[in-house]
Amino acid sequence: MSTRKGVLAIYNTLSGKKELFRPIHEGQVGMYVCGPTVYSNVHLGNCRTFISFDLAYRYLLHLGYKVRYVRNITDVGHLENDADEGEDKISKKARAEKVEPMEIVQKYTLDFHDVMTAFNALPPNIEPTATGHIIEQIELINTIIKNGFAYESNGSVYFDVEKYNANQPYGELSGRKIEDLIANSRVLDGQTEKRAPLDFALWKNASDEHIMKWPSPWGLGFPGWHLECSAMSAKYLGEVFDIHGGGMDLKFPHHECEIAQGCAATGKKPVLYWMHANMLTLNGKKMSKSAGNSLLPADLFSGENMLLSKGFHPMVVRFFMMQAHYRNTLDFTSEALNAAEKGFEKLMLAIENLMVLVPSSNSSINTKVLIDGFYAAMDDDFNAPALVACLFDAVKQINAIVEGRATINKEDLSILQKEISVFVFEVLGLQRPVEKSDDQRLSNVMALVLELRGSARENKDWVTSDKIRDGLSNAGIVVSDGKDGASWK
RNA sequence: GGUCUCGUAGCCAAGUGGUUAGGCACCGGUCUGCAAAACCGUCUACAGCGGUUCGAAUCCGCUCGAGACCUCCA
């Protein structure tokens, strides 16, 4: 696949344009994605971002790149708000549940991993935690202070945004001007430690009652949220790396601050390509836990939620997400999920048929055009919905071959089988849902039941045959009458 | 209030100057004892009003509507 390197275009938030992807080191990619703050269960909106970057990761791997994918776990420093008395999310939850903060971290990290596994998201190569990198963070703060872009105040350290902005623009990524930011910044109580409202914390002094704190040159305290990602990405990917991803809502201030921290520490912009995944909406609005407008994956799978009439398989949900581009908002509705479920089943059925097709001596379909379409879609900024459309073109062709309206030769069949498998299972990361039962005894019983029903049908004993069909239906088994006899699932 | 994004058929959603995206639903058909399933076909849309152009869903302007960020969020 090495011949395809160099044709992938990625939309770079920093330039506002699609750019041809050229990694720093030939054949290698360093990718960092802001992970979750593990203070509660991840909701479906959180999941969309990670699934979006899983798609990017998978396609980069497919193109043959050696990827180092780093996704952090934020387990300290994420405050409820920007006021000085803002409480750490993990601490607050630990206090509420009367457990150690690390018990909160452990519980919700495990939940996050379970959910990611259910969605078939590949694990990152490194999953660093903020609390595991306090030393690196203190070192980074020291460097920024030494370079003159941060100052200590009352046991806390703040980044001096105005001083930084004198030489390098602050707000480049999110398209903001510092004058507008100053004009619009809210004046919060208790910000007397800062020289200017825009300055953000690199290190926060911990009060006596604060339960998560570490010794530092500035006293007991804890790191600032923005700093964590800078320290961890630099440690594992270097001062400058290829791709930084995250949710659209992190663009400002989080990612803006990361750029400032990186430049202040090294004089170099830390990231070549900034990628931002858009939000999953519910009722037309961003899914958000704090706004009470969110849905938990577990509820979606089980169907135990007022919004849902039934549960959906994780792969149906993943397929639903793949039908929208990662840079656009996607609206969640029960109806849209139902539609995705039908489409997903249609795709899976066609692939099953493809794998057992009997080749002819010649092909009436153009396999190359189909496959080129797959690549063209993904090369265009990971356009999964365009890929899905191409896959359904292939489905139509497969069905035509199945029904004898088209033919495919042995060579084309082999290529099509391989490429469709690659794009559906490896790139889109879909999985065939496991069969309801591989119980041999049930299979034997069903074979007998269907044989008896078949006899009844031959004798036009519709009462018996329908009784069997309805009875099985009540037992959760659907009988389908095809040309070559009945089947069940 | 500031900055920005979006508005595509009943629903979800690609497409950013010229070739009917796609999925689901609806409707029609094939198959079937009936039904379901499956398959085939149909449905040719781009918020409104102007402008630029041989040609606009796409570019520009205005209007209306929705959302995001500016405070914690993926």
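In this text the structure is predicted, and so the values were computed from the model without any measurement. Sequence lines set the chain letters: A, B, ... in the order given, protein chains first and strands last, and positions in each chain run from 1. Hydrogens, waters and symmetry mates play no part in the numbers below; they use all other heavy atoms, side chains included.
Taking a cutoff of 4.0 Å between a charged side-chain nitrogen and a carboxylate oxygen, A:Arg453 and A:Asp481 qualify as a salt bridge. For A:Asp54 and A:Arg318, the salt-bridge test passes: some basic side-chain N is under 4.0 Å from an acidic carboxylate O. Residues A:Arg469 and A:Asp466 are paired through a salt bridge, judged by an N-O separation under 4.0 Å between the basic side chain and the carboxylate. A salt bridge is absent between A:Lys204 and A:Glu193; no separation between the charged side-chain nitrogens and carboxylate oxygens falls under 4.0 Å. Ion pair A:Asp372/A:Lys368 flagged as a salt bridge, since at least one NZ, NE, NH1 or NH2 atom sits closer than 4.0 Å to an Asp/Glu carboxylate oxygen.
Checking the phosphate oxygens (OP1, OP2) of B:A13, no side-chain nitrogen or oxygen of A:Asn328 falls inside 4.0 Å. OP1 or OP2 of B:C69 has at least one side-chain nitrogen or oxygen of A:Lys286 nearer than 4.0 Å.
Going from the P atom of B:A36 to that of B:U30 covers 14 Å, rounded to whole Å. On the P atoms, B:G1 is 25 Å away from B:U8, given to the nearest whole Å. Comparing B:C40 with B:C46, their P atoms are spaced 28 Å from each other, to the whole Å. Between the P atoms of B:A66 and B:G51, the separation comes to 28 Å (whole Å). Going from the C1' atom of B:G55 to that of B:A68 covers 35 Å, rounded to whole Å. Between B:C27 and B:C60, the distance separating the two C1' atoms is 41 Å to the nearest Å. Across B:C6 and B:U16, the matching C1' atoms stand 14 Å from one another, rounded to whole Å. Nucleotides B:G41 and B:A21 have their P atoms positioned 16 Å apart, rounded to a whole Å.
In terms of heavy-atom proximity, A:Lys285 sits nearest to A:Asn293 at O-ND2, 3.2 Å.
Taking the six-membered ring for Trp and the full ring otherwise, the centers of A:His133 and A:Tyr236 sit less than 6.0 Å from each other. In this structure, A:Phe301 has its ring center under 6.0 Å from that of A:Phe119.
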Provide a list of protein-nucleic acid N or O atom pairs under 3.5 angstrom, restricted to nucleotides 21-29 of chain B.
unit_1: B:A25; atom_1: OP1; unit_2: A:Lys342; atom_2: NZ; d: 2.7

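Rounded to an integer number of Å, the gap from A:Arg405 CZ to B:A38 C1' is 12 Å. Between the CZ atom of A:Arg176 and the P atom of B:U5 there is a distance of 12 Å, rounded to whole Å.
A:His276 comes within 4.0 angstrom of nothing in the nucleic acid, heavy atoms only. Within the nucleic acid shown, A:Gly175 comes within 4.0 Å of sugar-phosphate atoms alone, with no base atom in reach, counting heavy atoms only. Using a 4.0 Å heavy-atom distance criterion, A:Lys285 is classed as a sugar-phosphate-only contact.
Of the candidates B:G2, B:C39, B:C70, the closest approach to any side-chain atom of A:Asp180 belongs to B:G2. With B:G33, B:A14, B:A74 as the choices, the nucleotide that has an atom nearest any side-chain atom of A:Ser465 turns out to be B:G33. For A:His325, counting side-chain heavy atoms from C-beta on, the closest listed nucleotide (B:A14, B:A74, B:C34) is B:A14. For A:Phe320, the side-chain atoms get nearest to B:C12 when compared with the rest of B:A37, B:C12, B:A35.
Interface remark: the A:Arg469 side chain does not form any donor-acceptor pair with the B:A36 base, using a distance-only criterion of under 3.5 Å. For A:Asp481 and B:A35, a side-chain-to-base donor-acceptor distance below 3.5 Å is present, hydrogens and geometry of angles not being considered.
Nucleotides of RNA chain B nearest to A:Leu280 and A:Lys18 differ in position, and the one nearer the 5' end is that of A:Lys18.
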